[in-house]
Colleague: 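Attaching a single structure in structure tokens format; questions to follow.
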Amino acid sequence: MKYIAFTDGSSRGNPGPGGWAFIAVSDKEAIERGGHEKVTTNNRMELTGIAEALAFIKEGDEIVIHTDSTYAMKGAQSWIKGWKRNGWKTASKKDVENRDLWECIDRELSGKLVSFVLVPGHEGVPGNERCDEIATAFADGRSVELYKGDAKKYPVSIDFKPGIKTSGPKSSKKIKGGFYLSFVKGVVEKHSTWDACKSRVSGVSGAKFKKVANDDEALLVEKSWRG
């Protein structure tokens with residue numbers, strides 16, 4: 001099975017209460033998961049999101065993880081190998097911070113085809129924005145409805161293929177040949193920018209959003225939202 005994934009972490013204070021999240025989407029299913037810790041750091045939540053995403057997939061699966069954390073991506077791609085060889089010590093002979101999570105990630109990388117893509121945070125990349133929404137809700141102790149079901153009905157636009165890097169549209173720019181849809185309390189609205197869409201759905205329980213190419217696609221999305 002091949003998955004596209006987005007991960008994120010959030011903490012209210014460093015340390016402070018925090019939340020983690022991941023989204024995993026295949027051609028058949030879409031899964032959202034998240035969690036809360038009473039006292040943690042932003043880096044620990046970023047790493048937890050990645051560890052949980054890796055634990056979700058099975059040995060032999062392929063996953064492309066999109067993260068906005070340079071620390072998490074570089075650590076998982078390269079630093080972790082040297083730390084492990086050196087007995088979980090840095091080049092300056094200091095103990096590796098968050099060793100427990102790095103060891104977990106190291107174990108979960110085994111037997112799986114994993115690659116990482118660095119995406120800009122808070123730049124209107126739908127998967128990243130949704131993960132941020134989930135992680136922030138858990139950090140704040142707020143309830144959030146998590147999706148699990150048919151990938152074709154997933155309301156977040158994940159227009160990526162495994163192995164293809166993309167940064168997504170900039171939040172301040174209009175989408176060429178398309179627009180955003182938001183669904184709040186049974187009402188659908190169109191938005192020409194991500195900022196406008198985000199301001200309507202952010203923090204609203206049960207809200208949905210998606211980038212569409214044209215009015216025909218918008219009708220299909222609205223139909224799926226309304227069931």
Side-chain angles (χ1 to χ4, degrees), residues 3-25 30-57 63-80 83-84 88 90 94-110 112 114-148 156 158 160 167-168 171 198 201-205 207 209:
Y3 288 92
I4 293 298
F6 284 83
T7 65
D8 204 6
S10 175
S11 67
R12 298 309 198 191
N14 211 26
W20 59 268
F22 79 79
I23 295 168
V25 182
I31 303 288
E32 295 181 340
R33 289 186 182 171
H36 171 82
E37 288 194 16
K38 291 182 179 180
V39 181
T40 188
T41 65
N42 186 74
N43 279 341
R44 286 190 66 82
M45 292 294 89
E46 294 280 3
L47 296 180
T48 300
I50 290 175
E52 293 285 348
L54 290 172
F56 165 73
I57 68 170
I63 189 169
V64 182
I65 295 178
H66 296 71
T67 175
D68 60 13
S69 171
T70 302
Y71 164 74
M73 188 187 76
K74 287 187 175 181
Q77 282 189 317
S78 58
W79 299 341
I80 196 171
W83 291 337
K84 189 176 179 181
W88 298 101
T90 66
K94 295 181 179 180
D95 292 335
V96 172
E97 291 186 7
N98 304 312
R99 173 178 171 176
D100 58 328
L101 290 171
W102 286 118
E103 288 185 312
C104 179
I105 288 172
D106 181 57
R107 290 192 299 270
E108 293 297 342
L109 286 169
S110 179
K112 301 167 185 177
V114 183
S115 58
F116 291 85
V117 176
L118 185 66
V119 296
H122 310 291
E123 290 279 355
V125 180
N128 177 260
E129 295 290 345
R130 175 56 179 164
C131 265
D132 177 73
E133 182 182 0
I134 296 170
T136 299
F138 275 102
D140 290 340
R142 293 184 283 109
S143 62
V144 57
E145 183 178 350
L146 300 178
Y147 184 92
K148 180 180 180 181
V156 182
I158 307 294
F160 310 107
S167 62
S171 61
K198 181 181 178 182
V201 301
S202 182
V204 180
S205 178
F209 60 92

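Index from 1, following the sequence.
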Colleague: Just wondering, do Phe138 and Val144 contact through their side chains at under 4.5 Å, heavy atoms?
Modeller: yes
Colleague: About how many Å separate CD of Glu52 and CD of Glu108, when rounded to the nearest 0.5 Å?
Modeller: 9.0 Å
Colleague: Going by ring pair (Phe, Tyr, Trp, His ring centres under 6.0 Å), name the pairs with one or both residues in residues 35-57, residues two or more places apart or in two chains.
Modeller: Tyr3-Phe56, Phe22-Phe56
Colleague: Are any non-hydrogen side-chain atoms of Leu54 and Ile63 less than 4.5 angstrom apart?
Modeller: yes
Colleague: Does the distance from a Lys or Arg side-chain N to an Asp or Glu carboxylate O, for Arg107 and Glu103, drop under 4.0 Å?
Modeller: no
Colleague: Can you tell me how far apart CZ (Arg33) and SG (Cys131) are? Round to the nearest 0.5 Å.
Modeller: 13.0 Å
Colleague: Any side-chain heavy atom of Glu32 sitting closer than 4.5 Å to one from Arg130?
Modeller: yes
Colleague: If you compare all heavy atoms of Val25 against all heavy atoms of Ala30, which two are closest, and at what distance to 0.1 Å?
Modeller: CG2-CB, 4.1 Å
Colleague: Minimum heavy-atom separation for Pro17 to Ala139, with atom names?
Modeller: CB-O, 3.7 Å
Colleague: CD1 of Ile23 to CD1 of Ile134: how many Å apart, nearest 0.5 Å?
Modeller: 5.0 Å
Colleague: Could you walk me through whether Ile80 and Trp88 pass side chain to side chain contact (heavy atoms under 4.5 Å, CB included), step by step?
Modeller: CA-CA 8 Å; Ile80 196 171; Trp88 298 101; 3.9 Å; yes
Colleague: Is any side-chain heavy atom of Val39 closer than 4.5 Å to a side-chain heavy atom of Pro15?
Modeller: yes
Colleague: Does Arg44 form a side chain to side chain contact (heavy atoms under 4.5 Å, CB included) with Asp100? I'd like the steps, not just the answer.
Modeller: CA-CA 10 Å; Arg44 286 190 66 82; Asp100 58 328; 2.9 Å; yes
Colleague: Please examine the side chains of Ser10 and Met45, heavy atoms only from C-beta on, and report whether any two atoms are closer than 4.5 Å.
Modeller: no
Colleague: With a 4.5 Å limit on heavy-atom distance, are the side chains of Asp106 and Trp83 in contact?
Modeller: no
Colleague: Show every side chain to side chain donor-acceptor pair (under 3.5 Å) that has at least one partner inside residues 68-79, sequence neighbours left out.
Modeller: Asp68-Asn128, Tyr71-Asn98, Tyr71-Trp102
Colleague: Is there a donor-acceptor pair closer than 3.5 Å between any side-chain N or O of Asn14 and the backbone N or O of Asn42?
Modeller: yes
Colleague: For Val119, does its backbone N or O pair with a side-chain atom of His66 as donor and acceptor, under 3.5 Å?
Modeller: no
Colleague: Could you walk me through whether Lys112 and Ile57 satisfy the side chain to side chain contact (heavy atoms under 4.5 Å, CB included) test, starting with their C-alpha distance in whole Å, then the side-chain angles of each, then the deciding distance to 0.1 Å, before giving a yes or no?
Modeller: CA-CA 8 Å; Lys112 301 167 185 177; Ile57 68 170; 3.7 Å; yes
Colleague: Working to the nearest 0.5 angstrom, can you tell me the gap between Glu46 CD and Leu101 CG?
Modeller: 12.0 Å
Colleague: Give, for atom OG1 of Thr7 and atom CE of Met73, the distance between the pair rounded to the nearest 0.5 Å.
Modeller: 11.5 Å
Colleague: Which heavy-atom pair separates Ile50 from Ala72 by the least distance, and what is that distance?
Modeller: CD1-CB, 3.6 Å
Colleague: Looking at CG of Asp8 and OG1 of Thr48, how far apart are the two atoms once the value is rounded to the nearest 0.5 Å?
Modeller: 12.0 Å
Colleague: Going by heavy atoms in the side chains, are Ile158 and Phe6 under 4.5 Å from each other?
Modeller: yes
